Every structure is written in structure tokens, then in C-alpha cells.
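Both backbone and side-chain heavy atoms feed into the values below; hydrogens, waters and symmetry mates do not. Counting starts at 1 for both ligands and their atoms, following the listed order. Numbering starts at 1 and runs along the sequence shown. It should be emphasised that the depicted structure is a prediction, and the values quoted were computed from it without experimental measurement.
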Amino acid sequence: MSTLLQPLDVTAIRKDFPLLSRVLHGKPVVYLDSAVSGQMPLPVIERMSKYERDEHTNVHRGVSTLSQEATDFFEAAREKVRKFIGAGSIKEIVWTRGTTEAINLVAQTFGRMTVKAGDEILLSAMEHHANIVPWQMLAEEKGATLKVIPMNNAGELILDSLDELITDRTKLLGLIHVSNVLGTVNPVKQIIARAHARGVPVLVDGAQAVPHLRVDVRDLDADFYVFSGHKLSGPTGIGVLYGRLELLEAMPPWHGGGSMIRNVTWEKTTYLGAPAKFEAGTPAIAAAIGLGAAIDYLTELGLDRIAAYEHDLLAHATERLERIPGLRILGTAKEKASVISFVVEGIHPHDMGSLLDGDGVVVRAGHHCAQPVMTRFNVPATTRASFAYFNTRDEVDVLVSSIIKAIELFK
Ligand code: 7TS
């Protein structure tokens, strides 16, 4: 941990998360499932509740004071997102329902516009289904093919062959920034530079990166960067598509309806510019404002301090888990975020998940919407613990004891 960084006051932070004082099956809840969905701190919940109690109306409509006020809050949240990820303009920040919708938007606008029969879309071997299926659907529609950057047994991408995998027919590279299964932090800046050298635009799935690392889309030189509010201490129902402005301007609209038009006649409709062009209909206003409040909260704590703290939890958990006989961690990359997937000989990951649940320890068991990763590691599923800035070393120790107890039970 950097000596320049004041450590986080986790005891104080935990008071902001009411769920952490719940009791499950007679045990204090140990929430190790932030990769599924982060918990929202009270300032976020209270900001959304204030909006719903005192300020609720629609945005971008009418001259009423209430509507103008709501529009200001909503657009202020967009500016918070812009600043948080280092984008150049709020025109580059499109609200979506989440990461999944953002990728579908790009596939069905940019993708449909650029991908033709015989073209290729390059993805990495560790993508979430959200960054596979929309491209597969597009490839089927257009007669294009998907190609895959392989990974090694540690869960690191093998980049030696990248220059051969990129061809003259490659229309897009889709890349997960941090793996939701393996925790691997991919060298996206370097990969983007290599793709750009060949004229290939890159979409980065940042769903698991933004909660853990400081992200600067201009420094990365990403063409598209997407993430979800609910993994970033914010609510569900809101997410972000960052797109380079010239790309967004060149893309056709996606959904049609109110709020995205300049003029409508029976003969022809003209559209607004980005981002409004992609935001038909009434958006998730309270959720957007809540995401803005979450960004304020995280910024106040400091992403660097969060990263340092979570890194310590990850190191502690890795060290303790590695000592358990029969337990195998999937994903041992040099650069990792605070996600640990594991399997234990003779115990199905779902059984492990249920036994941990009985001890109040909340983890996820399953394929984590990344079945190709399961296939690559030859496992049907894993159990996954993911750590956030409100978790403690003591909670890691509860996880470890609970796993040991489960192993004893299966002997
Ligand atoms: N991309 C990554 C890397 C993710 O981890 C997830 C959700 C998504 C995309 C989809 O996000 P959504 O908000 O649109 O649903 N990941 C997980 C997970 O790991 N376990 O449950 C959801």
C-alpha cells in the first residue's frame, strides 16, 4: 500500500451499508458477491429516495420548474460520469440500462453499419456472455465470423498471436477489462494501441473494472467503454455507453420514439445528435441520479485507496485459500482485481455455495455468464467470492473457515 494513501476507515464505511448488519441463518451476513451486484451506500439510497419523494417528474420535457430541476439533476449525473471516466464531452455519455444493453446498442448500430459478409469480430477468450452473444447474433445476420484471442492456464490473454488474429476483415475488437470469473486485469491500453495500429476500433467491457480501478477512456484510447451502475455502488436499471464522439455521430439511432427526434412528419423523421439520439423514451431518472451519487461517494473515498485496500484483501484471501488442500483457484494472473473463483475436489460448486450460504456467506456459484471460460478450464462451474471496499480481513477468514467446514462435511 502506498505510504501516501490514508487507509480507508472501513468501520465507518460499513455503517453506510444497512444490509451488512443483517443476520442470515443465524449468522452475520458476509457479503462477498459484489461482482454480481455491489451494495449501495446510504447516501445513494437517500439521494434516490429524495428524488422520488420531493422531485419526481420527467426530464427534457416542458417548462415546469420541476421538470427543469429534474433535467438538471439528470444531466449533472451525466457530467459526473464523464469526469469519472475522463471522457472529453458529455455528448459521449449515453445512458443505457446496463452493460448488456450498451453492447447490444453498439452491435445493432455501429455493428450493423460496418460489418458485412465475410468480416470478422475479434473477442477475447474470457468475455462475459454480454460481449459474445450480441456479436454472434450480428455475425449470423451478416454472415460474419467471430475470432478469439486465447488465454493461458493462469487466465492471461496470449497476445503473441494478436497481430495474426487481426486481419483486414476485422471490424471490431471486443475486450473485457477485468474478468468477472478470473479477476484478470487485461492490458487494455496496450491491446487498443495494437488494434488501432491496424485501424480496428475497440469496445471495452468495463463492468468489473470501474468499481476497482481508476479508468480514463482517453488515456486508454478506447472507442467504446461500457459499464453498469449496479456494480459501481449504484442502482440497477442504469448503465453507461461511452463512445468516441465521431463514432456516435456516425452511428444510426437504435430505438425510435420520443426524446430522440429533431422533427417528425409522416414522410420523414430527423434525429437529435448524440447522446439523445440513443435515448428514446423516458429514462431511468432516479437511477441515473443515484449513479451520480455513487460516483460522488467513490470519488470521496478515492479509487486509489479503494484499489489498495481491495488488493490487500485479495492477497490475504489468496494466501489463505491456497493453503486449503484440494482447493484450486481459477485465475492466477499477475494483475488481478478482487475476484476469486475456485473449485474444491469432490464438492460441486453449487453445493459449496449453498453450504457457505448456510453460514451467512454470500458468494456466487455457477458459470458466471462465461461458459466459454468454464469450457477452457474444463469445469462445469466455480464458486466465486468477490471483495469490495466494505469487506474486512475478518470476513475473508469467515469464508475460509466456512470452506474448511464444508470440506470436512464431505469427507
Ligand atoms: N460484463 C461483465 C464483465 C460482467 O461482469 C457483467 C455482469 C456484465 C457484462 C453484464 O452486466 P449487466 O449489468 O448488463 O447484467 N456480471 C455478472 C456476474 O459476474 N455475475 O452476475 C452478473
Side-chain angles (χ1 to χ4, degrees), residues 31-40 81 85 94-108 123-137 149 151 155 157 173-186 188 191 202-213 215 222 224-242 254 284 287-288 290-291 294 330-331 333 335-342 349-350 353 357 362-374 377 379 381-388:
Y31 190 78
L32 303 180
D33 213 4
S34 291
V36 154
S37 201
Q39 293 297 330
M40 287 192 283
V81 169
I85 59 168
V94 180
W95 294 120
T96 66
R97 281 195 296 128
T99 306
T100 304
E101 188 175 75
I103 297 172
N104 278 277
L105 191 165
V106 177
Q108 291 178 33
L123 302 171
S124 90
M126 61 179 85
E127 298 307 313
H128 184 282
H129 296 165
N131 206 19
I132 300 174
V133 185
W135 302 113
Q136 218 158 34
M137 289 161 72
I149 306 171
M151 64 175 151
L157 292 178
L173 167 56
L175 183 63
I176 197 165
H177 194 165
V178 170
S179 164
N180 63 315
V181 179
L182 307 164
T184 313
V185 181
N186 284 315
V188 285
I191 298 173
V202 182
L203 178 145
V204 182
D205 173 353
Q208 300 289 351
V210 283
H212 304 293
L213 326 166
V215 169
F224 299 105
Y225 196 98
V226 297
F227 59 94
S228 301
H230 70 102
K231 301 200 200 274
L232 191 62
S233 305
T236 53
I238 192 78
V240 171
L241 161 65
Y242 158 81
W254 186 30
L291 178 54
L330 280 84
E335 294 291 327
K336 267 190 80 168
S338 51
V339 171
I340 302 184
S341 272
F342 61 91
H350 286 149
D357 190 69
V362 185
V363 295
R364 180 167 176 198
H367 55 58
H368 315 289
C369 301
Q371 283 183 330
V373 177
M374 301 297 113
F377 284 95
V379 292
T382 75
T383 310
R384 180 189 69 187
S386 48
F387 310 99

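Regarding atom 4 (C) of ligand 1, its nearest protein heavy-atom neighbour is His128 CD2, 3.4 Å. For atom 1 (N) of ligand 1, the closest non-hydrogen atom of the protein is Asp205 OD2, 2.6 Å.
Within the structure, the closest approach of Glu127 to ligand 1 does not fall below 4.0 Å when heavy atoms are considered. At least one heavy atom of Lys231 sits under 4.0 Å from some atom of ligand 1.
The side-chain heavy atoms of Val202 and Ile191, taken from C-beta on, include no pair separated by under 4.5 Å. Tyr242 places none of its side-chain heavy atoms less than 4.5 Å from the side chain of Val204.
From His350, atom NE2 reaches atom CG of Asp357 across 12.5 Å, with rounding to the nearest 0.5 Å. Ser34 contributes atom OG, which lies 6.5 Å from atom CD of Gln39 (distance to the nearest 0.5 angstrom).
Nearest heavy atoms, Met126 versus Ser179: SD-CB, 3.7 Å. Across all non-hydrogen atoms, the minimal contact from Gly229 to Leu291 is CA-CD1, 3.8 Å. Across every non-hydrogen atom of Thr96 and Val240, the tightest pair is OG1-N, 3.6 Å.
Using a 4.0 Å cut-off to heavy atoms of Ser228, the atoms of ligand 1 that qualify are 11 (O), 12 (P), 13 (O), 14 (O). Taking every non-hydrogen atom of Asn180 and a distance limit under 4.0 Å, the qualifying atoms of ligand 1 come out as 5 (O), 18 (C), 19 (O). Near Ile176, with a cut-off below 4.0 Å to any heavy atom, the atoms of ligand 1 are 3 (C). Heavy-atom proximity to Gln208, at under 4.0 Å, picks out these atoms of ligand 1: 3 (C), 4 (C), 5 (O), 16 (N), 19 (O).
Heavy atoms from both the backbone and the side chain of Thr99 come within less than 4.0 Å of ligand 1. Contacts with ligand 1 closer than 4.0 Å are made by backbone heavy atoms (N, CA, C, O) of Ala35 only, the side chain lying farther away. Contacts of His230 with ligand 1, taken as heavy-atom pairs under 4.0 Å, involve the side chain alone. When non-hydrogen atoms are compared, ligand 1 lies under 4.0 Å from the side chain of Arg384 (C-beta onward) but not from its backbone.
Taking the six-membered ring where tryptophan is involved, the planes of His129 and His367 are tilted, since the angle between them lies from 30° to 60°.
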Exercise for the section: For Phe224 and Val94, run side-chain contact (heavy atoms from CB on, under 4.5 Å): C-alpha distance rounded to whole Å, both residues' side-chain angles, the deciding distance at 0.1 Å, then the answer. Expected result: CA-CA 11 Å; Phe224 299 105; Val94 180; over 6 Å; no
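Checking Thr100, Val36, Asn104 against atom 14 (O) of ligand 1, the nearest heavy atom belongs to Thr100. Scanning His367, Arg364, His368 for the heavy atom closest to atom 21 (O) of ligand 1 points to Arg364.
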